[in-house]
Amino acid sequence: MFDIKMTKKTMHRFQSSASKGSYPPGPKVVNMPTLDAWVKYRDWGNKYGDLVYLPRWNTLITNDAGVAIDLLEKRARIYSDRAMSPIMKLCGGENLLSVECYSDKWRKDRRVFQQTFRQAAIGQFYPAQYNKVHEFLRELLLTPEDLTQHVNGLSQGLIPKALYGLDIGPEDALASKVAGIIDTFGKALLSGSFPAYEWFPFLIFMPSWFPGCGFKRIANECGKVVEEIYTVPFDLAMNNMQNGTRTSPIVELAMQKPQDIKEIKAMGTMSFIGAIDTTMSSISSFILVMCLHPNAQTKGQEEIDRVIGKDRLPTFEDRRHLPYVEAIYREVMRLHPPVPLGFPHISMEDDSYRCAVVANIWAMNRNPNVYQDPDRFLPERHLKSAAGPFESIDNIYAYGFGRRVCAGRYMADNTIWLTVASVLAAFTMGKAKDGNGNEIDIPGKFTNHFFRPVSFLAVKLQRIWFLLQSISECQDSQPAWRPIVGCHLAPPFLSSLRYAFEARATLREKTVSDTATITIFTHYPSMPKVRSKRSTSHNASVKFTTVKSQFLEDDSGSPVAQTVEYESDPAPALKKKDKHQIKREAFLQRLELTQSPYSKSHQRRIKKKAKEQIGHGLEEIRTALESVDDSRALSTIAQDASATAGKTDKSQMKVDGDEDTPKSVHQSKVKSNQIGEGKGATLSNTQRKNALKIERLRYPLILSNPQFGSNPFQTIRTHAQNTLIKHVPT
Ligand code: HEM
């Protein structure tokens, strides 16, 4: 898409000027242009080169896609930050992914966002997209004069429907509040929008009534609305889920991942805000372009008639078979990118420069070196390009660059394509006529910050009137359905449409009386099925619901509608560990009941006694060992042994023991705590030697005693007792 040679040349100039410590040339402007800034930036580019540096604003502007890719994609590690200005903070931007600084928090928020809006997961929003786009067609048919309002209805209602399961229209206070704050965000993002603050930054600390501080009031209001979007739709959706009246992907996600609840709610807020102006801008631009280029419109319609026929509306399955329609969509995004200057990327470290980089997407898409007749609306250019019209969505620069590329681009891409294809199939757009039958000219002007065509008049001629008529009949005849089911899904075939209506009629009574039932039509290819829930390992913070599915059948027996009933779960599922514990406790209880004839207190006493017994036994062993090992004991033994020297025969080894003797020994020990010290006498050296001699003779006898093999401790103890018997003080 871009001239690589030129990019390299530009980069070389960029880097060499940087190494010299100089910046690319640029105007020394004091005030940034606030009207049609992209046109001004392009003019500067024509004068100064592909890179224009504004020293007063430390901002680098590039009008070339190659340079933008080199900086923002190839060096995304450096150029992926955002400037979180104090104004943006007041606006509540700290939790908005698009303006958050590049940080761990941003990474986590972006991961959560992508998990929901990544390409593979985007099919979950098809029903909401069909619903809202078809509702848009219906509204357009009924009141074409309110075109702008209907476009707003589609762009404001899509995310609430898709993510929260809520029907929010442009007449709702929340939707109009959100639409109202987007302009403030646009201003807060671009330099020059709040000149008083930019010249005197200390004004941020002043009260909002202070002269020149009007920006603070605007920013505070914006912050309050952001807070409202963060909580209100989520709470409503949660309430609906708990009542069982609606499903909501965002609440389901929050139930599955309660630890990410903050990021999930922030995702909802961001997508609500992010979708409104961008979607509105693209659809308005498309309608405007169709009014101005009837030939392209006719070609698109011919393709639809040829490929799809006239008896149904396009579906996502048709997309690959409609190259011209694709080319129209791409050409709209090329000529009228909804965010013409993207969001500034800030460098995080010194690269060639440390500054803000603004990619002038609008100018890139009109680069005469890349596009012939760049200002002309020519869908054919995409058919002729080497990559063809179905090239990657990432090549649509309208969605931005690098790591900060639009995280909702797959959702946006689907919505806009479906609207383009459906409007082409259903209507012929053209200039309105005045009372004299003359065409009213369309100004074709755009408002600032976000690219919005100024209100224009267009007349809509119905093409497949019978299909649209059916849709409108559905709305008129069954208003009671709207809050629950919505008259939202036009199936691919007219026959299916008829069956769908019949199915709805069949269900109607049940649905109206039972608000716990919602209907999802299953005609749409790739529409996600209701999945059986996996057993979760955590207890839900709110009541879980179970899903019962029931399919209605048409004449041919194929499923037409699926009724999904939500019922409260009787009890939260127990963890495996908890179940195990309960079982174990029950078992122990039973065991206690069957095996123990005693009361609990009695059992405690028995246990205590047994413990004492064990302690007593050990004490005896310890005493016996001490009596053998302790030299003091030996000396005592020797003292007494000296008196009975020569009488060391086997008879002295009273291994069978005397019941009284150990007791008395124990008593004596307890008294003095020193064997043989009852009298306080010490041994002489000779006595000690004799005692050792005797013990040396005795040891082999003890070891050879047959009782020693079976119970060595008892044998030693008996030996000690026998020895001490004679020495117990009387
Ligand atoms: C036609 C429709 C849309 C267009 C043209 C568009 C365009 C853009 C652009 C140019 C950026 C800045 C990219 C950059 O810094 O390089 C952006 C960021 C973003 N957009 Fe979109 N957008 C559209 C719709 C949406 C929708 C429907 C959503 C939400 C579902 C969304 C969510 C976001 C988010 C979250 C970011 C911030 C990404 C980040 O900074 O990490 N956008 N978009």
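Note that ligands are numbered from 1 as they come in the structure, with each ligand's atoms numbered from 1 the same way. Because the structure is a prediction, the values reported are computed rather than measured.
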Pair F234 + Y230: ring centers closer than 6.0 Å: no

Could you say whether the N/O atoms of I416 and ligand 1 ever approach to under 3.5 Å? no

For the residue pair N240 / Y164, report whether a side-chain donor-acceptor contact shorter than 3.5 Å exists. no

At a 4.0 Å cut-off, with the gap strictly under it, does some heavy atom of E100 reach an atom of ligand 1? no

With a 4.0 Å cut-off on heavy atoms, is M333 touching ligand 1? yes

May I ask you to check whether H345 has an N/O atom sitting below 3.5 Å from an N/O atom of ligand 1? yes

Students should be able to answer this: which protein heavy-atom is nearest to atom 30 (C) of ligand 1, and at what distance? S271 CB, 3.5 Å

How close do Y130 and P314 get, heavy atom to heavy atom, and via which atoms? CE2-O, 4.2 Å

Numbering the atoms of ligand 1 from 1, which are under 4.0 Å from a heavy atom of A412? 2 (C), 24 (C)

Between Y126 and F316 (judged by ring centroids, cut-off 6.0 Å), do the two rings come close enough to count as a pair? yes

In terms of side-chain heavy atoms, does K132 have a donor or acceptor partner in Q156 at a distance below 3.5 Å? no

Under 4.0 Å from a heavy atom of R82: give me the atoms of ligand 1 that qualify, with their elements. 14 (C), 15 (O), 40 (O)

Option passing side chain to side chain donor-acceptor pair (under 3.5 Å) with H382 (candidates R334, E326, E331): E331

Who's the nearest protein heavy-atom neighbour of atom 28 (C) of ligand 1, and how far? G408 CA, 3.6 Å

Can you tell me which residue and heavy atom of the protein come closest to atom 12 (C) of ligand 1, and the distance to 0.1 Å? F343 CD1, 3.6 Å

Measure the distance from atom 27 (C) of ligand 1 to every protein heavy atom, then report the residue, atom name and distance (to 0.1 Å) of the closest one. A275 CB, 3.5 Å

Taking side-chain contact (heavy atoms from CB on, under 4.5 Å) as the test, write out the residues that go with S103, two or more places apart. K105, W106

Protein heavy atom at shortest distance from atom 10 (C) of ligand 1: A398 O, 3.3 Å

Shortest protein heavy-atom distance from atom 18 (C) of ligand 1, along with the residue and atom involved: C406 CA, 3.6 Å

In terms of residue, atom name and distance, what is the protein heavy atom nearest to atom 9 (C) of ligand 1? Y399 O, 3.9 Å

Name the orientation class of the two ring planes belonging to W38 and W362 (parallel below 30°, tilted from 30 to 60°, perpendicular beyond 60°). tilted

Got a sec, which residues hit salt bridge (charged side-chain N to carboxylate O under 4.0 Å, His left out) with R376, two or more places apart in sequence or on another chain? D373

Do the ring centers of F286 and Y329 come within less than 6.0 Å of each other? no

Run the numbers for me: atoms of ligand 1, each under 4.0 Å from some heavy atom of G400, listed by number. 10 (C), 13 (C), 16 (O)

Geometry only, no angles: is R110 polar-contacting ligand 1 at N/O separations under 3.5 Å? yes

Under 4.0 Å from any heavy atom of S282, which atoms of ligand 1 are there? 1 (C)

With heavy atoms of W106 as the reference, note each atom of ligand 1 found under 4.0 Å away. 39 (C), 41 (O)

Establish, yes or no, whether a centroid distance under 6.0 Å links the rings of W44 and Y41. yes

Considering only heavy atoms of L97, which atoms of ligand 1 have at least one such atom less than 4.0 Å away? 35 (C), 39 (C), 40 (O), 41 (O)

I want to know whether Y79 and H345 have ring centres closer than 6.0 Å. no

Going by the closest heavy atom to atom 3 (C) of ligand 1, which one wins out of I273, D413, T278? T278

Considering only protein heavy atoms, which is closest to atom 40 (O) of ligand 1, and at what distance to one decimal place? R404 NE, 2.8 Å

Can you name the atoms of ligand 1, numbered from 1 with element, that are less than 4.0 Å from a heavy atom of F113? 29 (C), 35 (C)

Side-chain H-bond candidate by donor/acceptor type, N63 with N360, under 3.5 Å: yes

